[in-house]
Amino acid sequence: MVRAVFPGTFDPIHYGHIDIARRAAKLFDELIVAVYDRPLKNLLFSPQERLQQVTEAFSTDNNIKVVSYQGLTVEFCRKIDAQVMVRGLRVFSDFELEFRMALTNNHLDPGIEVVALITSEKYTFLSSTTVKEIASLGGDISGMVPQSIHWAVSRKYSEINQ
Ligand code: ADP
């Protein structure tokens with residue numbers, strides 16, 4: 001049985017993430033979407049909000065589970081007995097970061113393989129940052145995120161702007 005982990009911040013989750021997770025779930029027996037609890041960056045949503053949003057996004061997917069985690073991703077993989085870490089690659093600029101992270105993780109635990117899936121063409125330029133930028137300026141993000149995320153992002157910006 002091969003268990004894979006797809007780690008990320010998911011602030012918020014969008015169709016690019018969902019596409020990678022569903023494609024990865026076809027390749028492995030079980031996919032754990034792991035929501036990173038406290039990254040060193042400013043986030044729009046709390047860990048609990050992101051966990052709840054990601055859980056809802058995959059509520060109908062049989063072999064996808066959603067959990068949150070803290071600390072090193074390789075340690076989390078070891079703890080849950082996952083052999084593979086899944087990442088998504090969009091534009092060329094992602095490559096350098098992902099390459100560096102994969103080598104670092106391999107140094108920390110050579111037993112965990114990193115599998116990078118290339119984005120589907122229509123999601124090439126989709127990122128959580130883009131979603132937030134557009135939403136914060138009142139633009140339409142309905143083609144980028146599921147409906148419930150659309151509402152959550154709009155609600156958050158209307159709270160911030162009050
Ligand atoms: P992180 O903070 O770890 O980069 P993200 O939530 O931004 O977390 O992304 C998680 C993973 O999803 C990363 O591997 C990222 O490259 C990938 N990803 C993000 N957007 C897309 C997209 N549009 N298409 C494919 N992969 C993507």
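Each ligand, and each atom within it, is numbered from 1 in the order the structure gives.
- Near Y123, meaning under 4.0 Å from one of its heavy atoms, ligand 1 places the atoms 22 (C), 23 (N).
- Between T9 and ligand 1, an N or O atom pair is found at a separation short of 3.5 Å.
- The distance from the OG1 atom of T130 to the CD1 atom of I141 is 11.0 Å, given to the nearest 0.5 Å.
- If you number the atoms of ligand 1 from 1 as listed, the ones under 4.0 Å from a heavy atom of G16 come out as 22 (C), 23 (N).
- Residues D11 and K132 are paired through a salt bridge, judged by an N-O separation under 4.0 Å between the basic side chain and the carboxylate.
- Remark: ligand 1 and I20 share no N or O pair separated by less than 3.5 Å (distance only, no angle test).
- The residue among E121, H14, R87 with a heavy atom at the shortest distance from atom 4 (O) of ligand 1 is R87.
- A perpendicular orientation is assigned to the rings of F10 and H17, their planes being inclined by more than 60° (bins at 30° and 60°).
- Only side-chain heavy atoms of R90 come within less than 4.0 Å of ligand 1; its backbone N, CA, C and O stay farther off.
- If you number the atoms of ligand 1 from 1 as listed, the ones under 4.0 Å from a heavy atom of P7 come out as 10 (C).
- No donor-acceptor pair under 3.5 Å is formed between the side chain of R90 and the backbone N or O of T119.
- Partner R3 forms a side chain to side chain contact (heavy atoms under 4.5 Å, CB included) with one of I80, D29, V84 and no other, that one being I80.
- If you number the atoms of ligand 1 from 1 as listed, the ones under 4.0 Å from a heavy atom of L126 come out as 20 (N), 21 (C), 22 (C), 23 (N).
- Looking at G88 next to ligand 1, an N or O pair under 3.5 Å apart turns up.
- Counting heavy atoms from C-beta outward, V91 and T124 have side chains that approach closer than 4.5 Å.
- To the nearest 0.5 Å, atom CD of residue E49 and atom CD of residue Q53 are 6.5 Å apart.
- Using a 4.0 Å cut-off between heavy atoms, F6 contacts ligand 1 through its side chain alone, with no backbone atom that close.
- Interface atoms of ligand 1 facing H17, defined by a heavy-atom separation under 4.0 Å, are 5 (P), 6 (O), 9 (O), 10 (C), 12 (O), 18 (N), 19 (C).
- For ligand 1, the polar-atom distance check finds no N/O of T124 at less than 3.5 Å from any of the ligand's N/O atoms.
- Within 6.0 Å of atom CD in E96, 12 or fewer heavy atoms from other residues, nucleotides or ligands are found, so the atom counts as exposed in its surroundings.
- Polar contact check, S127 against ligand 1: no nitrogen or oxygen pair lies under 3.5 Å apart.
- Counting heavy atoms from C-beta outward, L44 and I160 have side chains that approach closer than 4.5 Å.
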